[in-house]
Every structure is written in C-alpha cells, then in structure tokens.
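Within every chain, numbering begins at 1; the chains are lettered A, B, ... in the order of the sequence lines, protein sequences first and strands thereafter. These values consider heavy atoms only, across backbone and side chains, with no hydrogens, waters or symmetry-generated copies.
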Amino acid sequence: MDKKFYVTTPIYYINDKPHIGSTYTTVAADILARSHRLRGDKTFFLTGTDENSQKSVEAAEKSGKELRVYLDEMAKIWENTWKELGLSFDDFIRTSEERHYKAVKRFWQAVEKSGDIYKDKYERHYCVGCEDFKTDSELNEDDRCPLHPNKDLELVQEENYFFKASAYKDEILQLFHNQKDFVQPPKRLNEIRSYVKNAFNDFSISRESKKVSAGIPVPGDDSQRIYVWFDALINYMSAVGYGTDDELFKKWWPANLHLVGKDIIKFHCALWPAMIMSAAKNDPLLQNEDGTPKLPEQIFAHGFFTVEGQKMSKSLGNAIDPLELAKEYPFDVIRYFFFREIQFGNDGDFNRSRIAERYQTDLANTLGNLLNRAINMSRKYFDGKVPEINSYLTQVEFLACFNMDGTNFIGEDSLTTLWQQIDEYYNTSRIDLALELIWNGTELSAWSLNGLNKFIEEVKPFKLIKENELQTAQVLYCVLEACRHVAWMIEPVMPEISKQIIYSLGQDPKSEISQNNFQNLKKWGGLEPGSDLPEPKILFPRLGE
RNA sequence: CGCGGGGUAGAGCAGUUGGCAGCUCGCCAGGCCCAUAACCUGGAGGUCGUAGGUUCAAGUCCUACCCCCGCAACCA
C-alpha cells in the first residue's frame with residue numbers, strides 16, 4: 001500500500017489577483033489532495049503561476065513597475081491568498097524560476113533530438129487573445145478570430161520553430177480509445193477527440209525575441225523565445241524535479257491528475273501528451289519500463305461560474321475576491337457550496353441566496369442541529385458523557401428492539417458499504433456525489449444526515465429514556481458515533497468543520513488520525529464510551545441575527 | 001454549415017448502460033417537543049423545448065426544427 005497521488009492545478013496568469021474562478025479550481029485540487037492524504041497516500045499538490053506570457057509584460061507596464069518586481073509581488077499575492085484560505089498545496093511553482101528553465105531546456109532538447117522540432121517560414125494570422133495561430137478555416141466570415149472578433153489579427157511573417165504535433169495524432173487517438181477516462185468528464189473527451197481528428201496541426205512553439213520581451217530563450221538560439229504554452233505545461237514536471245532532481249522526479253511523475261478549466265483542454269489533452277510522447281523517445285526519465293511514454297493519468301476539466309446568473313467580468317464588477325468572501329462565511333461553507341451545489345465538471349452559478357440556503361438548511365438545520373440535539377441528550381441523560389455501553393447491539397437485535405425495517409437502520413453493518421461508496425467518489429473526483437450521499441443517503445440505506453434525524457424521530461430517545469436507559473444509551477451512542485464518521489467523511493471538503501465536530505464529541509482529531517490509520521478510523525466504535533462531552537457550541541449559527 | 005453549454009414540478013438542479021420521473025427549497029395539512037422557530041410524516045404540483053422515428057418499452061437512442069446562455073477585455 002504505497003500509493004501516491006500527484007495532483008495539479010493550472011498555473012495562473014498573474015495580471016490580476018485571484019477570483020473565485022481560480023479559487024474553485026484550487027479548492028478542488030485541495031479537496032482531492034486532502035482525501036488522498038487522509039487515506040494514507042503519499043500526496044503532492046502543486047499550484048503556481050505562469051509568468052512567461054506577454055500578458056505579464058503588458059500588465060507590468062501598465063502598473064508602471066519593472067517586470068521582475070511586478071511578478072514577484074503578484075506571485076506573492078497568489079501564494080498568500082491560497083495560504084490564507086488554508087489550501088494545502090505542497091509546492092508553488094513559478095515559471096520564472098531557475099528550476100523551470102532547466103526543465104524546459106531538457107525537455108526541448110529531448111523533443112529536438114526526436115526530430116520533432118523544425119524551422120519554418122510562415123505568414124500566418126496570430127491572435128493575441130488566444131496566443132495562437134489561426135488557419136483560414138478557423139476564422140469567421142469576416143476573417144477574424146471567432147473567439148476574439150474585436151481584436152485585430154496580427155499578420156506574422158517570421159521563421160519560427162514548430163513542433164510536429166500532427167505526428168502524434170494517431171497515437172493520441174489511440175490513447176483516448178484505450179484509456180476512456182483519460183479525459184473527464186466524458187463530454188470533454190468527445191470534444192477533444194473531434195478536435196484531434198480534425199484540427200490537430202503542428203504548433204508554432206517560438207517567437208522571434210525581438211518581437212516579444214517575455215519567454216524562455218530557445219536552447220541554442222537566443223533569437224527565438226519559447227511559446228508560452230509549450231513552456232507552461234512543463235511546469236508540471238519542473239516542480240517535481242525534472243531537469244534538476246531525477247530521484248524526486250521518479251517518485252512523483254507521472255501526475256495522477258491534472259485539474260483544468262474547460263477552456264484549456266486542447267492544450268492539456270492533446271498538445272501535452274504529444275509533447276511527452278516526443279520527448280520520451282529521447283529521455284529515459286519519461287519512459288515506462290516497457291518504453292512507452294509516462295503520460296499523466298487523467299485530466300479532469302471542470303466548468304465555469306457565472307455570478308448571480310451573469311458572466312464574471314470586471315466591467316460588471318462581479319469578480320469576487322475569495323478573501324472578501326471568506327469574511328462573509330467560514331471558508332469551509334464556501335467549499336461546501338462549491339461542491340454541493342454544482343456538479344463537478346458542469347458549469348454553475350455563484351449565487352449568494354443559494355449559499356445562504358445551503359448554509360441554513362444543509363449545514364445549520366441538518367448537520368449542526370443534529371449534532372447539537374444528540375450531544376445535548378447524551379449530556380442530559382448520561383451525566384455529561386458519551387453513553388456507556390457494554391456491547392453494541394447488532395443490526396438484528398437493534399431492529400428487533402425498535403421494530404424497524406433494515407432500510408432505516410443506522411449502524412455498524414451498513415457503514416462499511418457507505419464508506420466504500422464515499423471512497424469511490426473521492427477517488428473518481430465526484431466530490432458532489434460524495435456530499436449528496438452523506439446528506440441524503442440512497443434508497444437502500446438511511447445512513448445519512450437526513451437519515452440520522454429520522455432515526456432519532458423514530459426511536460425517540462427523549463421518550464425512551466423514561467423506560468429503558470440501556471437502550472437509550474445504545475441509540476445515542478449510535479448517533480454520536482455516526483457523527484464522528486460523518487466528520488471524517490466530509491474532512492476533505494470541510495477540514496475545519498470536521499475538526500470542530502470531532503472536538504465537540506470530546507475527541508481529538510489529531511490523536512485520532514495519528515493513533516489510527518484510516519482503516520481503523522472507518523471502523524465502528526471509535527468513539528470512546530464514557531468519555532466527557534463538552535457543552536456543545538453552535539457550529540452554524542442561524543443567519544441574520 | 002464557427003465552438004461549446006443548456007431547455008425535466010413555482011425556483012434551482014440530478015437522472016450512468018432505454019425499464020414505475022427524482023433531489024433541495026418553497027407551498028398545504030398533520031405530528032413531535034431532545035434540538036439552532038430546529039426535527040419527522042403525508043399531500044398538491046411535470047403531456048421531461050417542438051414534431052416525427054426506432055422499440056414490448058424513450059427524459060434517455062435516431063432525424064429535423066424552435067428557443068436560451070457564454071465566446072472584446074479580466075479569466076478557471
């Protein structure tokens with residue numbers, strides 16, 4: 001059991017500070033990284049900044065600062081934002097760093113050696129918005145870029161280096177065929193497949209140095225600088241030692257998951273594998289034992305946000321600063337909202353009244369109140385402690401006691417199944433489904449937060465206590481222990497809330513996790529009978545007080 | 001024939017391999033009293049954008065059509 005998990009976010013352009021769009025991506029990576037860490041996998045979570053773009057130069061000029069100063073300042077802002085939000089990244093790569101330059105150099109040379117870089121003279125239309133060349137067939141009726149019709153296309157006449165991407169077309173299509181989950185969700189695979197089939201041409205991968213002031217110089221040719229996408233993708237390797245630390249690289253590469261926005265799948269799902277296929281031919285570090293290239297395992301493309309139904313934009317002033325948002329709600333609430341409200345992979349709307357609704361119903365009423373009522377009863381009936389029980393009732397005994405049918409049962413036996421499902425969802429990046437399951441359960445099992453509230457209603461410990469203390473103890477223990485499990489189930493999404501739940505049960509999350517590995521944590525009975533229950537705090541105070 | 005997303009209950013959404021149409025909120029009527037005016041039960045409310053087609057069976061597959069959203073800049 002020596003599994004590793006290497007997850008990345010895209011590296012962000014830093015011509016402005018982070019907003020909720022980039023926050024969403026980074027939080028997703030954080031959740032998946034946390035879920036793997038919790039499960040004992042060796043985990044590496046990478047994020048960073050893309051600094052070799054011409055856009056950076058323009059932004060620096062606009063701010064009147066020197067490029068270097070500007071980049072340092074902005075990179076700091078990004079890194080600090082993630083830190084303040086409590087995101088658990090292990091490294092923060094900047095493509096202006098030495099290690100990245102070294103990686104790019106090595107990579108370029110490997111590709112060159114494979115004979116996939118050639119010089120060609122081209123007169124082509126270049127769209128500054130896309131940072132990409134456009135063929136005639138890609139232009140709209142007015143001969144403009146369909147994505148940026150208000151931008152004049154540059155007619156570029158120069159001799160550039162090209163990458164023979166088209167040579168890998170078949171191999172990539174084969175990859176899509178063999179590895180159906182290489183691109184997730186499936187609709188993105190369809191999209192990218194038709195792109196590769198129809199429009200996957202050789203890429204220009206350099207510009208003349210005299211025309212651009214940003215970019216890494218082409219190894220051995222200072223008159224050319226490397227096209228930003230060609231260098232940017234390599235960050236996923238440079239951060240784990242490619243070109244600087246072979247052992248480290250072997251430990252982490254290939255990446256298990258590249259998390260990207262739906263707008264950049266072309267680069268990640270087609271160009272990037274082609275680049276690696278090429279470089280791998282002449283770099284043993286990039287080869288599997290059988291000589292095949294070490295490609296990333298999966299690329300997951302998430303959707304975009306609108307804000308209150310409108311596109312996020314500066315002119316509308318609705319680009320939300322995550323740090324401001326974190327003042328309105330605990331950030332865990334935002335994290336919960338992101339992944340409960342929106343199916344991961346789909347577009348969604350960032351809507352304040354929906355956040356309030358989720359907060360009030362899911363978090364305050366269902367989760368917070370459940371915990372509160374269970375703890376209060378236990379404290380009241382059992383002298384401020386977790387009820388003492390000599391032995392646990394089995395499911396059969398339980399059902400007999402309370403005349404329930406199996407689907408209503410909350411307890412040990414149905415727990416294993418639930419955990420399996422939760423693990424599966426986290427493993428396949430279906431964070432939204434995990435949360436839905438925890439809150440709503442399924443038709444087959446009432447094991448859920450809603451189910452726990454029903455269970456209390458059905459068994460009525462507040463009445464039962466007058467007749468049978470032993471049974472009441474069993475019931476309340478069940479509910480409290482179930483809450484402990486819920487805390488661990490939601491830990492990746494709501495790490496702070498999770499801790500608070502564990503504390504409120506009189507346990508210490510740190511010692512729980514250090515004394516028990518994850519397998520133990522998942523077992524029934526981890527909550528110590530007879531331990532002290534502190535007076536409950538309101539986890540989610542009602543809004544608008 | 002630019003690219004992509006989408007039209008399912010009043011609102012917001014889910015529906016994987018075709019097999020009784022679900023979830024959250026809201027609404028109506030009850031219940032409970034341990035709890036954060038919270039919790040539980042029952043109910044009303046949908047010809048699944050339109051028109052055809054395939055099938056024993058279509059929200060789901062096929063064809064055509066209609067409508068909505070994003071695609072200057074910021075930007076995942």
Side-chain angles (χ1 to χ4, degrees), chain A residues 9-10 12-13 15-28 55 59 128-130 137-142 144-152 185-188 190-191 194-195 199 259-266 301-306 309-319 340-343 346-349 351 353-354 356-358 360-381 432-433 436 439-440 443 450 452-458 460-465 472 476 479 536-543 545:
Chain A
T9 74
Y12 304 106
Y13 282 137
N15 29 17
D16 204 349
K17 55 185 185 176
H19 55 68
I20 55 165
S22 36
T23 306
Y24 179 61
T25 317
T26 316
V27 166
K55 287 177 186 170
V128 189
C130 298
S137 63
E138 286 173 311
L139 300 179
N140 66 16
E141 301 113 20
D142 307 326
R144 306 183 76 86
C145 170
L147 291 140
H148 306 91
N150 290 3
K151 281 217 154 178
D152 286 335
K187 65 180 168 188
R188 297 298 165 203
N190 295 336
E191 188 182 339
S194 78
Y195 161 73
L259 230 41
V260 301
K262 65 177 182 180
D263 56 334
I264 50 177
I265 54 173
K266 187 170 117 179
H302 65 251
F304 280 1
F305 275 120
T306 49
Q310 287 185 306
K311 182 171 161 50
M312 207 165 42
S313 82
K314 252 188 192 163
S315 52
L316 287 170
N318 63 355
R340 182 67 203 281
E341 180 77 2
I342 296 150
Q343 200 177 292
N346 283 4
D347 290 345
D349 187 39
N351 182 309
S353 64
R354 298 287 300 164
E357 190 179 314
R358 287 291 181 188
Q360 195 62 258
T361 61
D362 294 357
L363 298 177
N365 295 354
T366 302
L367 173 57
N369 182 54
L370 169 70
L371 193 67
N372 200 37
R373 66 198 297 214
I375 292 176
N376 273 313
M377 278 189 275
S378 300
R379 280 169 52 86
K380 201 184 285 182
Y381 309 148
D432 52 317
L433 291 180
E436 185 179 0
W439 259 262
N440 289 345
E443 286 172 8
N450 283 336
L452 285 163
N453 275 318
K454 287 186 178 109
F455 178 70
I456 290 180
E457 212 60 43
E458 202 153 332
K460 302 192 192 342
F462 39 88
K463 270 193 176 163
L464 190 63
I465 185 64
T472 310
L476 287 178
V479 175
K537 285 187 208 124
I538 299 296
L539 264 185
F540 303 98
R542 292 186 61 80
L543 294 171
E545 305 274 307

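- Residue contacts for G261(A): at a heavy-atom cut-off of 4.0 Å it reaches the sugar-phosphate backbone alone, with no base atom in range.
- One interatomic measurement links the two molecules: CE of M377(A) to C1' of C33(B), which rounds to 10 Å at whole-angstrom precision.
- Evaluation of the side chain to side chain donor-acceptor pair (under 3.5 Å) rule for T361(A) yields no partner, not counting sequence neighbours.
- Taking atom P in both U8(B) and A51(B), one finds a spacing of 15 Å when rounded to whole Å.
- Across the protein-nucleic acid pair, D16(A) atom CG and A76(B) atom C1' stand 14 Å apart, rounded to whole Å.
- At the heavy-atom level, K460(A) lies nowhere under 4.0 Å from the strands shown.
- In terms of heavy atoms, P541(A) sits closest to L539(A) at CD-O, 3.6 Å.
- For the OP1/OP2 pair of C33(B) and a distance below 4.0 Å, the side-chain nitrogens and oxygens of K463(A) include at least one atom meeting the criterion.
- Side-chain contact between N346(A) and K187(A): present, with at least one pair of heavy atoms (C-beta onward) separated by less than 4.5 Å.
- A gap of 23 Å separates the C1' atoms of G52(B) and C68(B), to the nearest Å.
- Rounded to a whole angstrom, the distance from the C1' atom of U16(B) to that of G12(B) is 22 Å.
- Distances from the side chain of N450(A) to the nucleotides C40(B), A35(B), A76(B) place C40(B) closest.
- When base pairs are accepted only as Watson-Crick or G-U wobble with both N-N or N-O distances under 3.5 Å, RNA chain B takes part in stems of 3 or more pairs at B:2-7 with B:66-71, B:10-13 with B:22-25, B:27-31 with B:39-43, B:49-53 with B:61-65.
- If you measure from atom CD1 of I342(A) to atom C1' of U24(B), you get 14 Å, rounded to the nearest angstrom.
- The side chain of T25(A) lies closest to A76(B), out of C25(B), C32(B), A76(B).
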*Would Y24(A) and F304(A) satisfy side chain to side chain contact (heavy atoms under 4.5 Å, CB included), going step by step from the backbone distance to the final call?*
CA-CA 9 Å; Y24(A) 179 61; F304(A) 280 1; over 6 Å; no
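- Distance, F455(A) CZ to C34(B) P: 18 Å, rounded to whole Å.
- Contact annotation: the side chain of L371(A) never approaches that of P536(A) to less than 4.5 Å [non-hydrogen atoms, C-beta and beyond].
- Under 3.5 Å, the side chain of N369(A) and the base of A38(B) form no donor-acceptor pair of N or O atoms.
- Using atom C1' as the reference point in both A44(B) and G30(B), the two lie 15 Å apart (nearest Å).
- Using a 4.0 Å heavy-atom distance criterion, F540(A) is classed as a base contact.
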*Which letter, B, S or -, goes with each nucleotide of nucleotides 5-18 of chain B from 5' to 3', with contact meaning a protein heavy atom under 4.0 Å?*
SS-----S-SS---
*Full working for side chain to side chain contact (heavy atoms under 4.5 Å, CB included) between R354(A) and I342(A)*: CA-CA 11 Å; R354(A) 298 287 300 164; I342(A) 296 150; over 6 Å; no
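- Taking the P atom of each, G7(B) and C61(B) are spaced 12 Å apart, rounded to whole Å.
- Atom P of nucleotide U24(B) and atom CG of N453(A) are separated by 13 Å, given to the nearest angstrom.
- Spacing between A11(B) and G45(B) at atom C1', rounded to whole Å, works out to 13 Å.
- Looking at the side chain of E457(A), the nearest of the listed nucleotides U36(B), C40(B), A76(B) is C40(B).
- At whole-Å resolution of the value, CG in D263(A) and C1' in C74(B) are 13 Å apart.
- Between the CG atom of D432(A) and the C1' atom of U24(B) there is a distance of 14 Å, rounded to whole Å.
- Summary of the strand contacts: N376(A) and N365(A) both lie near RNA chain B, and taking for each the nucleotide with the nearest heavy atom, the more 5' one is attributed to N376(A).
- The shortest side-chain heavy-atom distance between D347(A) and K262(A) falls under the 4.5 Å cut-off.
- Summarising the local packing, NZ of K460(A) is surrounded by more than 12 heavy atoms from other residues, nucleotides or ligands at distances under 6.0 Å.
- Across the P atoms, G59(B) and G53(B) are found 15 Å apart, a figure rounded to whole Å.
- Rounded to whole Å, the distance from CH2 on W439(A) to C1' on C25(B) is 16 Å.
- V479(A) places a side-chain heavy atom less than 4.5 Å from the side chain of L370(A).
- Each of M377(A), R379(A), R373(A) was evaluated against I375(A); a single residue qualifies, R379(A), per the side chain to side chain contact (heavy atoms under 4.5 Å, CB included) test.
- Between R373(A) and Y12(A), the residue anchored nearer the 5' end of RNA chain B, judged by the nucleotide with its closest heavy atom, is R373(A).
- Taking every heavy atom of both residues into account, L363(A) and F540(A) meet most closely at O-CD1, 3.2 Å.
- One P atom belongs to G26(B), the other to C40(B), and the distance between them is 12 Å to the nearest Å.
- Using a 4.0 Å heavy-atom distance criterion, Y381(A) is classed as a sugar-phosphate-only contact.
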